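Heads up: the structure comes next, in structure tokens.
What you see is a predicted model; the values in this text were computed from it and never measured. Letters A, B, ... are given to chains in the order of the sequence lines, protein chains preceding strands, and every chain is numbered from 1.
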Amino acid sequence: MIMEYPFEIIEKKWQKIWNDKKIFSADNNTNKPKYYVLSMFPYPSGALHMGHVSNYSIGDAISRYKLTQGFNVMQPMGYDSFGMPAENFAIKNNSHPRLTTEENIAIMRKQFDMIGFGLDWDREVSTCRPDYYKWGQWFFKKMYEKGLAYKKSSFVNWCDDCQTVLANEQVEDGKCWRCDNVVRQKELEQWFFRITEYAEELLDFSKMTDWPERVIAMQKNWIGKSYGTRIDFTLEGSDTTIPVFTTRPDTIFGCTFMALPPEHPLVSEWLKDEAADSDLNQFCQKVLNEDKIMRSAEDTTKEGRFTGRFAINPVNGDKVQIWVTNYVLMDYGTGAVMAVPTHDQRDFEFARKYDIPMKIVIQNPEKTLVPEEMTEAYTEPGILVNSGKFDGMDSDVSKETISNWMQENNMGEQTITYRLRDWGVSRQRYWGNPIPIIHCDHCGTVLVPDEDLPVQLPDNVQLGKTTQNPLLSVSEWVNTTCPKCGRPARRETDTMDTFVDSSWYFARYADAHNTEMPFSSENADYWLPVDQYIGGIEHACMHLLYARFFHKFMRDLGMVHSDEPFTRLLTQGMVTKDGAKMSKSKGNVVDPQYIVDRFGADTVRVFMLFASPPEKDVEWSDEGVKGAFRFLNRIWRLFDERLEIISADYTKAAGHLSPAIKELRYSTHFTIKKVLSDIEDRMQFNTAIAAVMEHLNNITGIKHPEQLNDAEKAVFAESCLIIPRLMYFFAPHISEELWAMSGHDTLVHEAGLIQWNPAFLIKSEITYVIQVMGKVRGKIVVPTSASQDEIKTLALANENVQKFIEGKTIQKVIVIPKKLVSIVAK
RNA sequence: GCGAAAGUGGCGGAACUGGUAGACGCGCUGGACUUAGAAUCCAGUGGGAGUUUUCUCAUAGGGGUUCGAGUCCCCUCUUUCGCACCA
């Protein structure tokens, strides 16, 4: 007796057949409708982990479903192969990132094949290879030419451990997202992409028909649009204006001081007149050295120093003190704040601490506010007081009125401010895409000409020997000649953030071997946008936002003709074990290789897809995997034992069908309908698989199929044969084998998407549940043809129902067609 | 603090538009087969009461709407995630 089905032989066999027939090679020229399924490409860290298996099993299920439906499906794969881990590994082990990265890619590739994912390897991209990164440099040049790439000196998040700059998105809780080291502030010349130029358009989510609300909310939050007013204060005794941004123009008459950050240009200027050891100077130095996160943590005490200077409030000519503080951010709004202690909690705390005057301008409904008695700021709406001609006005109404009035009198203007900052793309690391810039003493910043692209990353670099940018160690690379004047010049030694590489790879897949362009518009127009994108939620404000930005930029270059790159997005959950994400440090990793060797790829996939809906976390369970394996074995045994019945020809079969067989036929067609709609309408694979399991139970409920007449055997055979056609999406290898075994010479997907016959879903009898006052009191089986009145009569006649309506007046009888009868009796 | 999502058996989860709560799987209990185990098969499996028909409680907690609420509304609690001195 066979204990376990021979998954190993079967899986190898079908992988080879798929491969030989190139069924997953997508055609760029076809009249078939296209479907582009994309899972986020992996960082080649060494071997596939369960997270990858889970993620790609989802993509593969969708891909095979669409293939079966007759679409021209593209499901490509590649590697996000630049990045710091490879470089850090190389430093530790005295190797080279190129070698270890290529080795890892080879390992991963073998594992992709072992699981049998239907990927189009002809389109493979790897971001660290010159044929790919050449075009990243090309895009950088385009950004620069369009004024969207620029260099500025700024305070940046610096990780001492990784020796590089981090984008705001890469700082989590004041720590580096990769190594958990505390991030500090460092002033550096950096390259930026002007993503803020697209802020408004990035807030338009109307083209993403199927994005999780959560991701949209996170991006909205991240972009952080706020409407407000710019108000121009003037510096006392000069004509310098100091603009501030506020969302509370209604409180302008209550401004009693102005708060500036130490980075503010005016402050730097004033410090020149100060002694080096002056209190103000020392304070500014201290705050500047503190890292941004410490400064912006909510529990950090607000501190400041009076500058001795005053600003003039344009609305009433009031002289207000100018303070340097640690709680104002230079890179939000105008980098200056009008402080209204009575109506802003931060300003309130600060003013109390330093004994700065307070003035009420919004009175509460009880009219009880007195500055001396306040223990916190009053931030609710109210009635304006001490506000000149606006006294008595409702504060909410006055926002508009006051800012209009200020605008008319040139005191300020209504504006919009975003929280989103420009994208810092410079990285002071080796293993990334070189920025195609040459610095010339005569010509300044010069772009590397197109014919010299790509700027190749030199191999002979010294890693980890110095704390400076590694590329500086390759003098023959750094020192070059200016493309404009031919004089000696130096190359830019920063490389690009790897998020630049991953911001356009989805378009490269459309035309992966183009040597003239990143991709042709023709191919991009055919394939883009991606129909279904799959990846982790952790990229909500990073990769997914950058890719949207890049896509719009490519559109503005005329290269693509859609507004958004990803029509549908599925954010899959993590694979957890013992409630925690699988990770080496926690020691709860399960190696896919081991599981595939022991149970086969189909089992792992079925387990992953069955354990929970795709967007939720999957809790790993050894027993659950065995359950999936048991299920596939039961299917196998069914075919093995009943093969003769299943593969017979029933074209001339005739005979009477027993009620049990009619039930089985119902189950067959119901299951087809259920599985297809679970995939198509809900993308819920766990319930689809559950439906097949239930159907299998129904089949094995027929104890002696060999005793059935031919017509019944035909129904039995049909009920079995839908299994490979429905399980193909989740367990493709065993499905192909069963399909072939039962006498079919096509591949499963070539047989097309199986359809259900609605005629077999019509039941001759329907079970109605009877409720009395909302509680279930009985059931009746009624012919489908019964009228409402007949159903009512039968329901009221039910014995158990009688007990509950006895002695009561029937007030209402509600009949819900095909479901239940509800009796209201008092 | 702001924003979002979620809370259902011992566990993962189902219940799609308000209509039999707990599909399916895991685990567990009993039985069959076996010298024994593994595997497989059969039966049972939310709590309580009852010999059975059946009754009753139960979807974080408390209210409400409704003939009927896991599902809709209000309040409270808990968890997870994102943002967080953004003026």
Per atom distances to the A:Gln684 side chain, the nearest of B:rA87, B:rA15, B:rC83 is B:rA15

Euclidean distance for P, B:rU78 against B:rG10 (whole angstrom) = 23 Å

Determine which bases of RNA chain B form Watson-Crick or G-U wobble pairs with both distances under 3.5 Å, and write the result as a 5' to 3' dot-bracket string with | for other-strand partners.
-> (((((((..(((......[....)))((((((.......))))))((((....))))..(((((..]....))))))))))))....

Between P of B:rU40 and CG of A:Leu638, the distance in whole Å | 15 Å

Tell me which nucleotide among B:rA15, B:rC67, B:rC83 gets nearest to the side chain of A:Arg682.
-> B:rA15

Whole-Å C1' distance, B:rG46 and B:rA14 = 15 Å

A:Lys803 or A:Val337: which one's nearest nucleotide on RNA chain B is closer to the 5' end?
-> A:Lys803

Would you mind calling B:rG9 syn or anti? Take O4'-C1'-N9-C4 for purines or O4'-C1'-N1-C2 for pyrimidines, and syn is within 90° of 0.
-> syn

Presence of A:Arg630 side-chain N/O under 4.0 Å of B:rG27 phosphate oxygens OP1/OP2 = yes

From B:rA87, B:rC55, B:rC24, nucleotide with atom closest to A:Asp344 side chain | B:rA87

Of B:rC26, B:rA14, B:rU20, the nucleotide closest to the side chain of A:Glu623 is B:rC26

Respond yes when some side-chain nitrogen or oxygen of A:Lys674 is under 4.0 Å from OP1 or OP2 of B:rA15, and no when none is.
-> no

A:Ala611 side chain, from C-beta outward: closest of B:rG25, B:rG12, B:rC85 = B:rG12

Name the closest nucleotide to the A:Lys703 side chain, picking from B:rC67, B:rU20, B:rC42.
-> B:rC42

Out of B:rA23, B:rA21, B:rU54, which has the shortest distance to the side chain of A:Val776?
-> B:rA21

A:Asn221 side chain N/O closer than 4.0 Å to the phosphate oxygens (OP1, OP2) of B:rA84?
-> no

According to a strict under-4.0 Å criterion, is A:Arg777 in side-chain N/O contact with OP1 or OP2 of B:rC67?
-> no

Phosphate OP1/OP2 of B:rU53 contacted by A:Asn800 side-chain N/O (<4.0 Å) = no

Identify which nucleotide among B:rA23, B:rG19, B:rC55 has an atom closest to any side-chain atom of A:Ala690, counting heavy atoms from C-beta outward.
-> B:rA23

Taking atom C1' in both B:rG19 and B:rC24, what distance in whole Å separates the two?
-> 22 Å

From B:rC41, B:rC55, B:rC85, nucleotide with atom closest to A:Lys302 side chain = B:rC85

Between B:rU20 and B:rU59, how far apart are the P atoms? Round to whole Å, please.
-> 16 Å

So which protein N/O to nucleotides 4-7 of chain B N/O distances come out below 3.5 Å?
none

Please find out if less than 6.0 Å separates the ring center of A:Trp423 from that of A:Tyr546.
-> yes

To the side chain of A:Ile814, which of B:rC67, B:rC55, B:rA87 is closest?
-> B:rC67

May I ask you to verify whether the side chain of A:Lys626 and the base of B:rC26 hold a donor-acceptor pair under 3.5 Å?
-> no

